[in-house]
Amino acid sequence: MPAETAIGLKCRLCGKTYPKEALNFCTEDFGPLEVTYDYDAVAKTLDRDTIASRPRSMWRYHELLPVDGEPAVGRQVGGTPLVRADRLARALGVSELYIKNDAVNFPTLSFKDRVVAVALSKAVELGFQTVGCASTGNLANSVAANAAAAGLEAYVLIPDGLEQGKVLGAMIYGAKVIAIDGNYDHVNRLCSQIAFRFGWGFVNVNLRPFYAEGSKSMGFEIAEDLGWRTPDHVVAPMAGGSLIGKIHKAFKEFELLGLLETPVTTRMHGAQATGCNPISATVRSGSGKVRPVRNPQTIAKSLAIGDPADGYFASKLIVETGGWSEDVEDEAILDAMELLAETEGIWAETAGGVTLAVAQKLIEQGRIGRDESIVLCITGNGLKTQEPLLERMRRPVVIQPNLEEFEGLLETMSSSPSRASLAGSVA
Ligand SMILES: *Cc1c(COP(=O)(O)O)cnc(C)c1O
Ligand SMILES: [Zn+2]
């Protein structure tokens with residue numbers, strides 16, 4: 001199903017249009033560029049039955065993604081579960097809660113596989129043989145893996161000091177991994193220079209307009225799995241601030257195409273860590289102007305972007321939809337990671353802890369009503385961010401291999417109830 005429905009690029013500030021090429025900013029005002037579509041052409045082939053008849057991957061919405069031919073990269077990406085989370089709902093005191101679980105996305109266990117599938121398929125269409133990215137970790141993993149599978153050469157640049165799981169999870173694929181003595185914003189600036197100097201395709205630099213569209217597939221899947229409806233609330237983690245906007249764009253595109261049962265009234269809520277909170281600080285201050293965080297310090301390293309590329313648009317969207325943004329301390333992030341694991345059996349990375357802890361805060365503040373429907377976006381896998389947990393988890397008890405020791409142990413264990421059984425007892 002080739003889909004030549006993406007027309008070109010358009011500046012989000014002045015509206016100037018450009019052809020579909022590797023360019024991420026307007027030459028007039030440096031505004032970010034966005035992909036535009038011929039929605040009449042999309043409507044001709046994309047209806048509910050057609051979507052439902054296709055394989056459960058992000059490509060079932062191909063006409064709304066900016067890849068013209070068959071995707072060369074990431075054909076199996078997406079189609080992750082939307083889990084009804086009743087035990088967690090009880091613990092939070094809400095009635096209708098869902099988890100969109102991209103911690104199990106294929107192939108590298110984060111939502112970044114969606115953006116990379118689009119960006120690298122587009123890179124192949126545009127004729128790039130060398131690709132790269134500036135990454136806080138998950139993007140590095142996904143670019144490295146998907147580039148390997150597509151036979152592309154990959155340069156992956158990360159800030160020094162990332163979690164071991166993320167570093168190994170880039171090196172294993174044979175990508176050229178380069179750690180920069182600096183933070184993400186230093187890495188990003190260098191990548192812009194490299195992309196320009198060498199003419200390579202950097203997924204989140206010169207290919208960014210295409211890359212960003214991949215995030216919409218998370219929104220499409222949420223709406224389809226809710227029975228062609230959108231929830232009252234979405235809580236999404238924010239790094240560069242792109243994902244949150246694209247989930248909402250996805251809802252609006254479905255609405256425009258007449259695919260939804262009800263109008264989109266979803267309130268979009270953004271989650272950040274207190275140690276790197278440029279977007280949530282903007283929303284809370286009401287200033288509309290994003291002040292970069294110079295020295296991010298948080299265990300949620302995947303979200304540690306001090307100068308977010310889409311921060312302005314994210315904060316604007318949050319306010320316009322009647323949502324809100326909060327940030328949480330590292331301790332609350334770890335507590336939330338444990339709560340999610342113990343109630344729903346889902347081990348999310350630190351960014352998932354950020355999302356859940358912020359959702360808790362918004363419920364307590366009354367900004368999320370207890371009887372309204374809520375979707376939490378879990379974007380990455382706990383296996384990749386073990387370091388902060390290793391310090392706080394107890395080690396397993398060691399006993400001799402006999403029944404007496406086990407029985408003796410059982411008495412001490414049953415007298416200390418776990419967090420999950422406490423949560424389960426909340427009516
Ligand atoms: C990159 C990332 C995000 C945020 O994405 P943006 O679109 O940059 O806001 C959220 N969660 C995880 C785990 C990520 O790796
Ligand atoms: Zn412009």
Side-chain angles (χ1 to χ4, degrees), residues 9-18 23-34 100-105 108-116 119 133-143 158 162-163 165-166 169-170 184-185 188 203-204 208-209 211-216 218-219 235-249 268 270-273 276-280 290 298-315 317-318 325 333 337 348-356 358 376-385:
L9 304 176
K10 188 173 167 188
C11 174
R12 291 187 77 178
L13 295 180
C14 74
K16 184 171 180 198
T17 58
Y18 296 83
L23 181 69
N24 61 318
F25 59 86
C26 176
T27 51
E28 304 288 321
D29 56 11
F30 297 102
L33 302 183
E34 186 172 38
K100 179 58 175 169
N101 187 9
D102 260 28
V104 293
N105 213 345
T108 67
L109 307 178
S110 88
F111 99 91
K112 291 297 199 306
D113 289 324
R114 299 176 185 274
V115 286
V116 169
C133 66
S135 175
T136 57
N138 284 314
L139 187 60
N141 300 166
S142 190
V143 166
I158 52 176
L162 285 189
E163 301 92 341
K166 297 217 172 135
Y184 176 83
D185 294 312
N188 191 44
V203 301
N204 55 341
R208 190 173 177 87
Y211 156 99
E213 289 289 287
S215 294
K216 289 193 307 189
M218 204 162 165
V235 187
M238 302 185 294
S242 174
L243 170 68
I244 188 168
K246 294 296 179 177
I247 292 172
H248 192 258
K249 183 180 179 187
M268 302 299 297
Q272 294 206 295
C276 184
N277 64 354
I279 309 177
S280 82
V290 181
T298 168
I299 57 168
K301 291 174 189 276
S302 61
L303 304 181
I305 296 184
D307 191 2
D310 293 297
Y312 164 75
F313 292 103
S315 63
L317 172 84
I318 287 166
S325 184
I333 296 170
M337 287 166 75
E349 68 146 76
T350 45
V354 171
T355 302
L356 174 52
V358 164
L376 305 184
C377 296
I378 297 302
T379 47
N381 196 295
L383 283 165
K384 294 201 220 177
T385 60

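When a ligand or atom number is given, it counts from 1 through the structure's own listing order.
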Original post:
With atoms numbered from 1 as shown, which atoms in ligand 1 lie under 4.0 angstrom from a non-hydrogen atom of Gly241?
Top reply: 6 (P), 8 (O), 9 (O)
**OP:** Walk me through it: do Arg114 and Asp102 pass the test salt bridge (charged side-chain N to carboxylate O under 4.0 Å, His left out)?
**Re:** CA-CA 10 Å; Arg114 299 176 185 274; Asp102 260 28; 2.7 Å; yes
Original post:
Short list, please: which atoms of ligand 1 are under 4.0 Å from a heavy atom of Leu243?
Top reply: 6 (P), 7 (O), 9 (O)
Original post:
Are any of the N or O atoms of Thr136 closer than 3.5 Å to those of ligand 1?
Top reply: no
**OP:** Heavy-atom contacts with Leu303 under 4.0 Å: which atoms of ligand 1 show up? List them by number with element.
**Re:** 3 (C), 10 (C), 11 (N)
Subject >> Minimum-distance protein heavy atom relative to atom 8 (O) of ligand 1 >> reply: Gly240 N, 2.8 Å
Original post:
When you measure from the side chain of Asn141 to the backbone N and O of Gly169, does any donor-acceptor pair fall under 3.5 Å?
Top reply: yes
Subject >> Main-chain N/O of Gly270 paired with Ser325 side-chain donor or acceptor, under 3.5 Å >> reply: yes
**OP:** Can you sort out which atoms of ligand 1 are near Ser302, meaning under 4.0 Å from one of its heavy atoms?
**Re:** 13 (C), 15 (O)
Original post:
side-chain contact (heavy atoms from CB on, under 4.5 Å) with Glu349: which of Lys301, Glu163, Lys166?
Top reply: Lys166
**OP:** Between Ala239 and ligand 1, find which residue part has any heavy-atom pair under 4.0 Å and reply side chain, backbone, both or neither.
**Re:** both
**OP:** Give a yes or no on whether the backbone of Thr27 and the side-chain of Tyr18 come within a donor-acceptor separation of less than 3.5 Å.
**Re:** yes
**OP:** Could you tell me which atoms of ligand 1, counted from 1 in the order shown, lie closer than 4.0 angstrom to a heavy atom of Glu349?
**Re:** 13 (C)
Original post:
In the protein, which heavy atom is nearest to atom 11 (N) of ligand 1, and how far is it?
Top reply: Thr379 OG1, 2.7 Å
Subject >> Asp29 near the Zn ion (ligand 2) via N/O/S, less than 2.8 Å >> reply: yes
Original post:
If the Zn ion (ligand 2) is the vertex, what is the angle to SG of Cys14 and SG of Cys11, rounded to 10 degrees?
Top reply: 110°
Subject >> Atoms of ligand 1, numbered as shown, that sit under 4.0 Å from any heavy atom of Ser242 >> reply: 6 (P), 7 (O), 9 (O)
**OP:** Only heavy atoms count here, so choose which of Gln272, Lys112, Met238 is nearest to atom 2 (C) of ligand 1.
**Re:** Lys112
**OP:** Please assess Asp310 against Lys246 for the test salt bridge (charged side-chain N to carboxylate O under 4.0 Å, His left out), listing each intermediate value before the final yes or no.
**Re:** CA-CA 11 Å; Asp310 293 297; Lys246 294 296 179 177; over 6 Å; no
Subject >> Crowding at OH, Tyr312 (>12 non-hydrogen neighbours, <6.0 Å) >> reply: no
**OP:** Would you check, one step at a time, whether the test salt bridge (charged side-chain N to carboxylate O under 4.0 Å, His left out) holds for Glu34 with Lys10?
**Re:** CA-CA 5 Å; Glu34 186 172 38; Lys10 188 173 167 188; over 6 Å; no
Original post:
Is the number of heavy atoms from other residues, nucleotides or ligands within 6.0 Å of CZ (Phe25) greater than 12?
Top reply: no
